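Comments concern the structure below.
In listed order, ligands and their atoms are each counted from 1. Remember, it's a predicted structure, so these values are computed and weren't measured experimentally.
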Amino acid sequence: MKNDVWESKYFDAYDKILLNSDIYLVVRDFHVNSMRNCHIVLDSGCGTGNVTLELLKKGHIVYAVDNSKKALDILRKKCAKHSKQLHIHNIDAKKLPFDDEMFDGVTSMFVVYYMDDPKAYLREHYRVLKYDGVLALTGRVSSENMEKVLKSYEGSLRKRNLLSKLQSEFSIFSEKFLSGVKKAVISGYTFEQMRDMLENIGFTNIEEYPNPYFGQCYSLIAYK
Ligand SMILES: C[S@@+](CC[C@H](N)C(=O)[O-])C[C@H]1O[C@@H](n2cnc3c(N)ncnc32)[C@H](O)[C@@H]1O
């Protein structure tokens, strides 16, 4: 079932907070850099398009997929300059309207743990990936201690002298983060459990990469 948080005020504040957060930017850049050898990229659960925009700036063709209309409205405005390279799909990412082996790369950042059937979601992404294509995935182990993440976001705003200016956005973001977003996490896995799942689907050369979310999240690269 779709969680209402993705159509809520959460996304009004999302970019102001996260594009000023050190830990979020590290993960975003990992996803963008992982796609460096890919021409056609799927950004699955693209949200407001922070990975999409950076990929577009680098000349990639991007298919941006999300089931939140609100997030995609923000993405569309943000990426307007690059519309010729961009395809936007307001769909459930568990069933993709794309041919087999269509993409050189798939990026899925902070999305897989919102899936009630993460294996079905990942199998579908394996299907649309070319042979030798790359998957960059950031997942979550559990929704415990998300307050620590919030503290880090707050610290980044303070460091940039933005905390008082963005106080109301930070309140909205925090409230939604600890209520809706935290509750939306329904399938946490450790890196090892996720590696086993991906191997079972057929992915190979699965490697973990550093992730700054206090052991709550992991990032990995896998190949078809
Ligand atoms: C935490 S946000 C991450 C957005 C973006 N990847 C980023 O890192 O900034 C999670 C996103 O997953 C999307 N999402 C959740 N379930 C989905 C589904 N079944 N199909 C497509 N998108 C989904 C939400 O709408 C939301 O935009």
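Evaluated by nearest non-hydrogen atom to atom 21 (C) of ligand 1, the leading choice among Leu96, Thr48, Asn67 is Asn67. Selection from Gly45, Ser68, Ser44, Ala71 by nearest heavy atom to atom 4 (C) of ligand 1 gives Gly45. Between atom 27 (O) of ligand 1 and the options Val112, Val65, Asp66, the minimum heavy-atom separation is to Asp66. The closest heavy-atom contact to atom 1 (C) of ligand 1, among the options Phe177, Tyr113, Phe110, comes from Phe110. The closest heavy-atom contact to atom 9 (O) of ligand 1, among the options Phe11, Tyr24, Tyr10, comes from Tyr24.
Residue contacts with ligand 1: Asp43 is placed with no nitrogen or oxygen under 3.5 Å of a nitrogen or oxygen of the ligand (distance criterion only). In terms of polar-atom proximity, Lys94 is not counted as a contact of ligand 1, lacking any N or O under 3.5 Å from an N or O of the ligand. Note: no N/O pair closer than 3.5 Å links Trp6 and ligand 1 by distance alone. The N/O atoms of Ala93, backbone and side chain alike, include one that comes under 3.5 Å of an N/O atom in ligand 1.
A side chain to side chain contact (heavy atoms under 4.5 Å, CB included) with Ser44 is found for one member of His125, Met109, Glu124 and no other, namely His125. Among Lys130, Arg36, Lys224, the one residue that satisfies the salt bridge (charged side-chain N to carboxylate O under 4.0 Å, His left out) test with Asp104 is Lys130.
Contact atoms of ligand 1 toward Ile91: 20 (N), 21 (C) (distance under 4.0 Å to a heavy atom of the residue). Every atom of ligand 1 is numbered from 1 in the order shown, and the set under 4.0 Å from a heavy atom of Gly47 is 4 (C), 27 (O). Within ligand 1, the atoms closer than 4.0 Å to a non-hydrogen atom of Tyr114 are 1 (C), 10 (C), numbered from 1 in the order shown. Below 4.0 Å from some heavy atom of Met115 lie the following atoms of ligand 1, by number and element: 16 (N), 17 (C), 18 (C), 19 (N).
Look at Tyr121 and you'll find every heavy atom at least 4.0 Å from all atoms of ligand 1. The shortest separation from a heavy atom of Leu18 to ligand 1 is not under 4.0 Å, leaving the residue out of contact. Ligand 1 does not have Arg28 within reach: every non-hydrogen atom of the residue lies 4.0 Å or more from it.
Minimum heavy-atom separation, Gly47 to Asp66: N-OD2, 2.7 Å. Contact record, Asp22 with Lys159: OD2-NZ, 2.6 Å, taken as the closest heavy-atom pair. Cys38 and Gly105 get closest at one heavy-atom pair: SG-CA, 3.7 Å.
The ring pair (Phe, Tyr, Trp, His ring centres under 6.0 Å) contacts involving residues 32-75 comprise Tyr63-His87, Tyr63-Phe98, Tyr63-Phe103, where partners must be two or more places apart or lie in separate chains.
Counting heavy-atom neighbours within 6.0 Å of Asp132 CG, excluding the residue itself, gives a total of 12 or less.
Remark: Lys70 is not positioned above the aromatic ring of Phe11, lacking an NZ or CZ atom under 6.0 angstrom from the ring centre and at most 45 degrees off the axis.
Outside the 6.0 Å centre-distance limit, the rings of Tyr213 and Tyr24 are not counted as a close aromatic pair.
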Step by step, would you call Ser156 with Asn20 a side chain to side chain donor-acceptor pair (under 3.5 Å)?
CA-CA 6 Å; Ser156 284; Asn20 288 300; over 6 Å; no
